[in-house]
Amino acid sequence: MDTWAYTDTVPGIDLRATAGDLMRITLDNQLPADTTIHWHGIALPNAVDGVPGMTQEPVRSGEKFLYEFLVPDPGTYFFHPHVGVQLDRGLYAPLIVEDPAEPGGYDSEWIVVLDDWLDGTGRTPDEVYRQLTASPSADPSGMDHTTMGAAPFGDAGDVAYPHYLINGAIPASPVAFRGKKGERVRIRMINAASDTIFAVAIGGHTMTITHTDGFGVEPRQSAGIYIGMGERYDAIVTLGDGVFPLVAKPWGKEGQAMALIRTGSGTVPAPDVQLAEFDRPILQGTDLRPTEASRLSEQQPDASATLELGGQMNPYVWTINGSPFGQNSPIEVVEGQRFQLDVVNATMMTHPLHLHGHTFALPNGLRKDTVLVPPMGTTALQLQASNPGVWAVHCHNIYHAEAGMMIALNYRQN
Ligand SMILES: [Cu+2]
């Protein structure tokens, strides 16, 4: 069994740039399949957004493709394929865009990438997808759906994973971050999982959340934070003295991911260490408020569209506005409009809704590009239509997206 990866590591090596830089990256496809790269969260030109059939031809096995774009905004991003369920194979890597105007206020910086993992354990993500879609009667997910409806996220997911990873490692052989007692560390957290929402906390520490999806938030101290698929959160943590577990607990699923923080001597925590931090309130993204600088200007929408998320396990079809992608009608916007997406989740699951090429403001002003929409929940997302093209709007549960939970946002001439 060969894992698919960017170069030879999972996650791939992180790319770093400064806001305003021109990125020039050649995808050299040595996979035995077509692929593309999507630069998740970056407001880039449509032609390099990496969605096959919408913005480019798939890059064939043995072929190359040049992605060239300016990175306009600082923040914590990542990149991954936009073909099938390839993200779940290990094809992902951080993209960090530094802010030349950043005041700093921290001593060092770590990147924490979360993942749910099954490749090489008996079935590939493609086989899982085939099982999900092929079974005419029984629920093939392997998931216990008895948590359905539980707050805050409802049904826990469609796939049971044998492993949860932080920076590619299982808890029995965790990665170790090293630092000094009293040091202030900025931790950039990325959820690259395909079907898993995580709660993240650090034993013996609180974290102060400072950013989400590249945008500043009013700093908020907490025992931990929930992170949906495709979301990113940055936190500042002041390090204690010893050895500490950084744990990511999969929502509604068994097991956990763990990394170590080492600043001194101490006992290494067991892989199944239970953190008391998870008994305290864990923040959700929607609890956060934007900084003034990251707000969208106050404005009445010029136009709006409803976006209804639907679907079920059996048959395994996920929809937007009543039909899977390809059968639903694109949402149309005109350049210059303030546009509102009225999102309705008509299912018992939480869906991480992701918009390409733009960011949006939640009703409380929080700016993001990926938002967790709770079961039977609604939200209104405002965006500024300033980046012409044909853009994907989809659930970042990669199995849902592949099963149809996607729609196009098309610019039309007025
Ligand atoms: Cu979904």
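Each ligand, and each atom within it, is numbered from 1 in the order the structure gives. Residue indices begin at 1 and follow the sequence shown.
Residues passing the side chain to side chain donor-acceptor pair (under 3.5 Å) test with Y411, sequence neighbours excluded: H358. By the side chain to side chain donor-acceptor pair (under 3.5 Å) test, T196 is found to be paired with D116, K253, residues two or more places apart in sequence or in another chain being considered.
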Donor-acceptor list for residues 215-230 side chains, cut-off 3.5 Å, not counting sequence neighbours:
{"unit_1": "R220", "atom_1": "NH1", "unit_2": "D287", "atom_2": "O", "d": "3.0"}
{"unit_1": "S222", "atom_1": "OG", "unit_2": "G224", "atom_2": "N", "d": "3.1"}
{"unit_1": "S222", "atom_1": "OG", "unit_2": "G224", "atom_2": "O", "d": "2.7"}

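Residues T212 and R232 are not in side-chain contact: their nearest non-hydrogen atoms beyond the backbone lie 4.5 Å or more apart.
Excluding waters, the set of protein N/O/S atoms under 2.8 Å from the Cu ion (ligand 1) reads H351 ND1, C395 SG, H400 ND1.
Residue T319 comes nearest to G311 through the heavy atom pair OG1-N, 4.0 Å, listed as atom of the first residue, atom of the second, then distance.
Using modelled atom types, no side-chain atom of Q131 and backbone atom of A134 make a donor-acceptor pair closer than 3.5 Å.
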